[in-house]
Amino acid sequence: MNDPRSASGGRPEADRRLPRVFFERPVLEVAPDLLGRILVRNTPLGPVELRLTEVEAYAGEQDPGSHAYRGRTGRNAVMFGPPGHAYVYFTYGMWHCLNLVCGPPGQASGVLLRAGEVVRGAELCRPRRPSARRDTELARGPARLATALDIDGSLNGTDVCDGDPGAALSIRHGAPVDERGVRTGPRTGVGGDGAEHPWRFWIASDPTVSPYRPHRPRRSKDRLDVPASGS
DNA sequence: CTTCCGATCTTCT
DNA sequence: GAAGATCGGAAGC
């Protein structure tokens, strides 16, 4: 009765996909529960599998750090849709980042997937991440993760609970991390009123977790210090 | 190791 | 016009 395969049609528990109900819970439950799960990305060249080691929770319209804070826009529309879908956004003019929509429908909350360990398909990732000196750096950061897994805006809105075995994105059950192995802290790069919450979750002592970077407002471009004298 | 800063585009003021 | 859920290179310690 304790055979993990008995309830899943002969598949080991770890190979089962996370069902939509997994994502229908409050974001602060879903986020740490994603650690140790396997993100499966079926690229045109083959599958890449990533063991998630670092995530951040974004709690909808009440969260000053969230893209949903100022209500629905063209960019964040997917966050206001059903859970279990990918919200991919383009940032800093260069990069993409991947979130999973979760919580009850309409809450516009989501989990930013910040880092992971490539456990399959690293040979497909390396050419996309030439600056990575070691495989632990392939997906060590949210934009690096998206780059390594060939994730861009064309995947925005993708249903990660789709039953199709060839779906572009899905999440396998994997080996969830015991809460004693989870660390929490402030979210990377989030400033203002959203900075106080310890809504970043990572696996303790994992080399693929990204370095913490505190929020730093950019100096305005044309702010020149006026010389003390005119010549 | 750390700090600084440019690249480049979307969104909001 | 300014800031932003970032990154990589350069320079300093």
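In the text below, chain A, chain B and the rest are named by the order of the sequence lines, each starting its count at 1.
- Rounded to whole Å, atom P of C/dA5 lies 11 Å from atom CE of A/Met79.
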Please tabulate, one pair per line, all N/O donor-acceptor pairs under 3.5 Å involving side-chain atoms of residues 160-171 of chain A, not counting sequence neighbours.
unit_1: A/Asp162; atom_1: OD1; unit_2: A/Asp164; atom_2: N; d: 3.0
unit_1: A/Asp164; atom_1: OD1; unit_2: A/Gly166; atom_2: N; d: 2.8

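- Here the side chain of A/Thr73 is nearest to one of B/dT11, C/dT6, C/dA5, namely B/dT11.
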Solution key, residues 99-106 of chain A side-chain donor-acceptor pairs under 3.5 Å, sequence neighbours excluded:
unit_1: A/Asn99; atom_1: ND2; unit_2: A/Tyr87; atom_2: O; d: 3.4

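- In this view, A/Arg134 and A/Thr136, A/Glu137 satisfy the side chain to side chain contact (heavy atoms under 4.5 Å, CB included) rule, not counting sequence neighbours.
- The shortest distance between the side-chain N/O atoms of A/Arg129 and the OP1/OP2 oxygens of C/dG8 is below 4.0 Å.
- Within the 4.0 angstrom heavy-atom criterion, no nucleotide atom of any strand lies near A/Arg187.
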Item to complete: Would you sort out whether A/Val27 and A/Tyr58 count as a side-chain contact (heavy atoms from CB on, under 4.5 Å), showing the intermediate values?
Response: CA-CA 7 Å; A/Val27 64; A/Tyr58 287 87; over 6 Å; no
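- Inter-residue side-chain proximity for A/Phe201 and A/Val111 is flagged as unmet; no heavy-atom pair is nearer than 4.5 Å.
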Kindly list each side-chain donor-acceptor pair under 3.5 angstrom involving residues 141-154 of chain A, sequence neighbours excluded, with atom names and distances?
unit_1: A/Arg144; atom_1: NH1; unit_2: A/Arg140; atom_2: O; d: 2.8
unit_1: A/Thr147; atom_1: OG1; unit_2: A/Ala143; atom_2: O; d: 2.8
unit_1: A/Asp152; atom_1: OD1; unit_2: A/Ser154; atom_2: N; d: 2.9
unit_1: A/Asp152; atom_1: OD1; unit_2: A/Ser154; atom_2: OG; d: 2.6

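- Follow the hydrophobic side-chain contacts under 4.5 Å out from A/Ile203 and you reach A/Leu52 in the same cluster.
- Note on A/Val118: it does not cluster hydrophobically with A/Val209, by side-chain heavy-atom contacts below 4.5 Å among ILVMFWY residues.
- Between the CG atom of A/Asn99 and the C1' atom of C/dT6 there is a distance of 14 Å, given to the nearest Å.
- Between the A/Arg187 side chain and the A/Ala57 main chain, a donor and an acceptor come within less than 3.5 Å of each other.
- A donor-acceptor contact shorter than 3.5 Å links the side chain of A/Arg183 to the backbone of A/Arg180.
- Smallest separation of non-hydrogen atoms from A/Arg126 and A/Asp135: NH2-OD2, 2.8 Å.
- A sub-4.0 Å separation between OP1 or OP2 of B/dT3 and a side-chain N or O of A/Arg213 is absent.
- Residue side chain A/Tyr92 does not reach the base of B/dA7 through any donor-acceptor N/O pair under 3.5 Å, judged by distance alone.
- Looking only at side-chain heavy atoms (C-beta outward), A/Arg51 and A/Arg172 stay at 4.5 Å or farther from each other.
- For the side chain to side chain donor-acceptor pair (under 3.5 Å) test, no residue two or more places apart in sequence or in another chain qualifies with A/Thr158.
- For the atom pair OG1 (A/Thr53) and CG (A/Leu113), the distance works out to 10.0 Å, reported to the nearest 0.5 Å.
- One finds a side-chain N or O of A/His215 lying less than 4.0 angstrom from the OP1 or OP2 phosphate oxygen of C/dG4.
- Near-neighbour residues of DNA chain C inside residues 105-114 of chain A, defined by a heavy atom below 4.0 Å, number-ordered: A/Leu112, A/Arg114.
- When the P atom of C/dA5 is taken as reference, atom NE2 of A/His96 falls 16 Å away, rounded to whole Å.
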Short N/O separations, protein against nucleotides 10-13 of chain C, under 3.5 angstrom:
none

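- Among the nucleotides B/dC12, C/dT6, B/dT11, the one closest to any side-chain atom of A/Trp95 is C/dT6.
- In this entry the distance linking NE2 of A/His67 with P of B/dC12 reads 10 Å, nearest Å.
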Practice prompt. Report the C-alpha distance between A/Trp199 and A/Asp63 in whole Å, list the side-chain angles of each, state the deciding distance to 0.1 Å, and finish with yes or no for side-chain contact (heavy atoms from CB on, under 4.5 Å).
Written response: CA-CA 11 Å; A/Trp199 289 349; A/Asp63 177 2; 3.7 Å; yes
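- Proximity of A/Leu39 to A/Leu34: side-chain heavy atoms (C-beta onward) are nowhere separated by under 4.5 Å.
- Following rounding to the nearest Å, A/Asn156 (CG) and B/dT10 (C1') show an atom-to-atom distance of 14 Å.
- Crowding of A/Glu196 atom CD: a count of heavy atoms from other residues, nucleotides or ligands under 6.0 Å exceeding 12.
- Applying a 4.0 Å cut-off to non-hydrogen atoms, the residues of residues 49-65 of chain A that approach DNA chain C are A/Tyr58, A/Gly65, listed by residue number.
- Note on A/Trp95: it does not cluster hydrophobically with A/Val48, by side-chain heavy-atom contacts below 4.5 Å among ILVMFWY residues.
- For DNA chain B, none of the residues of residues 23-34 of chain A falls under the heavy-atom distance limit of 4.0 Å.
- Rounded to whole Å, the distance from CZ on A/Phe90 to P on C/dC7 is 14 Å.
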Worksheet item: What's the verdict on side-chain contact (heavy atoms from CB on, under 4.5 Å) for A/Phe22 and A/Val30, showing C-alpha distance, side-chain angles and the deciding distance?
Response: CA-CA 7 Å; A/Phe22 179 94; A/Val30 175; 3.7 Å; yes
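- Taken residue by residue, residues 130-140 of chain A places heavy atoms nearer than 4.0 Å to DNA chain C at A/Ser131.
- Among residues two or more places apart in sequence or in another chain, the side chain to side chain contact (heavy atoms under 4.5 Å, CB included) test is passed with A/Phe90 by A/His96.
- Following rounding to the nearest Å, A/Arg70 (CZ) and B/dT10 (P) show an atom-to-atom distance of 19 Å.
- To the nearest angstrom, P of C/dC7 lies 10 Å from CE of A/Met94.
- Annotation: of the two residues near DNA chain C, A/Gly189 and A/Arg144, the 5′-most nearest-nucleotide partner is A/Gly189.
- Both key distances under 3.5 Å define a Watson-Crick or G-U pair, and stretches of 3 or more such consecutive pairs in DNA chain B run B:1-7 with C:6-12, B:9-12 with C:1-4.
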